[in-house]
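Step one of this worksheet: look at the structure below.
Every number for a ligand or one of its atoms is a count from 1 in the order of the listing. We number each residue from 1, following the sequence as shown.
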Amino acid sequence: MEEWERWERRVQTAAHPVVYRLLTAVAARGPVVRVPGVGVVVSDARTAREVLTDTEAFTKTGPGAAAQLWTPVLGARTLITLDGADHAALRRRLSGLFTPAQVGAVCERGLREPLAGATRRLAAGDEVDLVPVVRAGAGAVIRELVGLPPDAAAGFAEASAVLAGVRLWRASLTGRQTARARAALARLSEAAVAAYRSGDESTVPGRLRGLGLSEAEARGAVGMFLLTGTETLVSFVPRLIALAHDVGRGPDRITDAVVEEALRVTSPTPVMLRSAARNGRLAGVRVRAGDRVVVAGLLCTRSAGPFAPDSPARAPLNRLWFGAGPHFCLGMPLAMAEIATVLTALRPFPALTVTTRHPARGVLIPSYTTLAVRATPPAKSPRASGAPGPAVAPDRT
Ligand code: HEM
């Protein structure tokens, strides 16, 4: 097993020790497998797309799907707890927050400070843990996106902790998780609700009101963006740097194709949950109305081959790691802009050594809890001298 694969495996098994092994074993049995107590597990890209695009047959709002998990916390009026015409109407309104100009501005404002601190320390030869840097940056970006004040950071940490504690197979949150998440969200959205009520369109909540969102929808948007837009990046960006490191690439050699390939093999949202609305068949397997359908995104995208940054997998996955159909990731432009901003900041450090790393244990979204790096002076880059060998020093852990 190659270095990148060993570490990625550790990241997956630390997050989901039982489930990861179970899913891998299930995938070996076929593209669609019924697993008692879990649901109908899909591990093939074509079938996954079929499920995700047929929203009449496979809903997000039926038993065992995402809405059951999140409605008690976020309310019923969010993108991840709605389907059909209501979902489409809300999505159209919210898409105004993701124009290129808007995305560029929130990225720049949110990431500037955490990245400046990190690059200053790298330039001084210090060790820098990239996980808290990305967490601070991604949190600040979401605060900018929804117009929350900087002192909302504590509430973010609390809400993130609730998210981390959700188990992959749970159909609903525990009473304690729901109460904690609701309290954190209520504190977080206080300022947003005040701005919404004032209707001041120089603020984001005021603009959401102008876009036609109800107060409940604006409040739900705060929680939803927090839920979808922070841990995914905290998971992906350090894993991207680690993957590149493990195949001998520094940040200066992380091209767009490498980013796409890393998204494919990490697939930060490991599963997408749906509920069958009617009886039918999926790849020959019988599905009954009310069945939970677990689209194992990671297995679908991984099956296209190992991490190959120089010859990325050619299977037509169409960015399945961001979903498919009407619920395709709304934040993709923001995520890609954030990744690009971090890489731009790190490019002046072509020789980054990963000095310490620890996969996070028992979390929902597989990630590192620590990924410490140090810039080693690139005396003479192997590419410049034509010499073979890695552009980064080997891992010492
Ligand atoms: C690398 C980072 C990210 C990945 C891999 C990712 C992945 C995904 C996936 C797979 C879905 C579909 C879920 C499903 O169909 O059940 C989704 C939906 C969504 N994502 Fe992302 N996401 C990322 C970053 C973000 C960011 C930064 C935001 C910003 C706020 C965001 C906002 C959303 C929203 C709002 C939805 C729900 C869309 C809908 O239901 O219409 N995501 N994401």
Side-chain angles (χ1 to χ4, degrees), residues 42 45 48-49 51-55 58-61 64-70 74 77-84 86-95 97-98 102-103 106-107 110-111 134-135 137-146 148 156 163 204 217 220-240 259-260 262-275 292-298 300-301 317-342 364-367:
V42 176
R49 192 167 297 283
V51 171
L52 298 174
T53 52
D54 187 349
T55 52
F58 302 100
T59 73
K60 266 192 115 146
T61 48
Q68 194 175 331
L69 203 56
W70 299 117
L74 301 175
R77 302 286 312 168
T78 76
L79 294 181
I80 57 177
T81 52
L82 281 174
D83 264 327
D86 284 350
H87 169 265
L90 183 56
R91 187 163 166 127
R92 252 193 320 276
R93 290 184 183 131
L94 285 171
S95 61
L97 295 182
F98 294 90
Q102 185 72 13
V103 160
V106 297
C107 239
L111 289 169
V134 177
R135 174 163 281 121
V141 166
I142 298 295
R143 284 202 304 277
E144 291 285 342
L145 181 77
V146 295
L148 293 182
F156 263 63
L163 172 63
V204 179
E217 288 169 339
V222 173
M224 177 188 64
F225 288 135
L226 162 67
L227 195 68
T228 51
T230 47
E231 293 306 310
T232 40
L233 283 155
V234 172
S235 162
F236 179 66
V237 175
R239 285 165 79 191
L240 167 68
V259 172
E260 292 292 316
L263 278 164
R264 179 180 72 78
V265 296
T266 57
S267 212
T269 304
V271 301
M272 294 170 257
L273 302 178
R274 296 294 188 271
S275 184
R292 171 193 255 198
V293 179
V294 178
V295 177
L298 176 73
C300 298
T301 57
L317 290 167
N318 293 332
R319 294 186 146 174
L320 189 57
W321 42 91
F322 283 117
H327 288 283
F328 184 85
C329 180
L330 179 67
M332 187 196 78
L334 181 59
M336 297 311 285
E338 289 184 65
I339 295 162
T341 307
V342 174
L364 180 64
I365 300 192
S367 48

Starting from [atom], locate the nearest protein heavy atom and write down its residue, its atom name and how far away it is, to 0.1 Å.
atom	answer
atom 32 (C) of ligand 1	Thr228 OG1, 3.2 Å
atom 11 (C) of ligand 1	Phe322 O, 3.8 Å
atom 40 (O) of ligand 1	His327 ND1, 2.6 Å
atom 1 (C) of ligand 1	Leu263 CD2, 3.9 Å
atom 21 (Fe) of ligand 1	Cys329 SG, 2.3 Å
atom 37 (C) of ligand 1	Ile80 CG2, 3.7 Å
atom 24 (C) of ligand 1	Thr232 OG1, 3.4 Å
atom 30 (C) of ligand 1	Phe225 CD2, 3.3 Å

Between Val295 and Val271, does a side-chain contact (heavy atoms from CB on, under 4.5 Å) hold up when you go through it step by step? CA-CA 5 Å; Val295 177; Val271 301; over 6 Å; no

Main-chain N/O of Ala221 paired to Arg77 side chain as donor or acceptor, under 3.5 Å: no

Pairwise side-chain contact, [X] with [Y], heavy-atom cut-off 4.5 Å (strictly under):
X	Y	answer
Met224	Glu217	no
Pro238	Ser367	no
Leu94	Phe225	yes
Thr78	Trp70	no
Thr230	Arg135	no
Thr81	Lys60	no
Arg91	Pro326	no
Phe98	Val106	no

Judged on heavy-atom distance to atom 36 (C) of ligand 1, which of Leu330, Thr55, Leu82 sits nearest? Leu330

When rounded to the nearest 0.5 angstrom, what distance separates CG in Leu233 from CD1 in Ile142? 8.0 Å

How long is the gap from CE on Met332 to OG1 on Thr232, to the nearest 0.5 Å? 13.0 Å

Quick one: does ligand 1 sit under 4.0 Å from the side chain of [X], the backbone, both or neither, non-hydrogen atoms only?
X	value
Pro326	backbone
Arg274	side chain
Leu273	neither

Judging by distance only, is a nitrogen or oxygen of Lys60 under 3.5 angstrom from one on ligand 1? yes

For [X], take its heavy atoms, then give the atoms of ligand 1 lying under 4.0 Å from any of them.
X	result
Leu79	39 (C), 40 (O), 41 (O)
Gly229	26 (C), 27 (C), 28 (C), 29 (C)
Ile142	30 (C)
Arg91	38 (C), 39 (C), 41 (O)
Leu233	27 (C)

Are [X] and ligand 1 in contact, using a heavy-atom cut-off of under 4.0 Å?
X	result
Pro268	yes
Ile339	no
His87	yes

Do His327 and Arg274 pass the side-chain contact (heavy atoms from CB on, under 4.5 Å) test, and can you show the C-alpha distance, the side-chain angles, and the key distance before you say yes or no? CA-CA 11 Å; His327 288 283; Arg274 296 294 188 271; 3.9 Å; yes

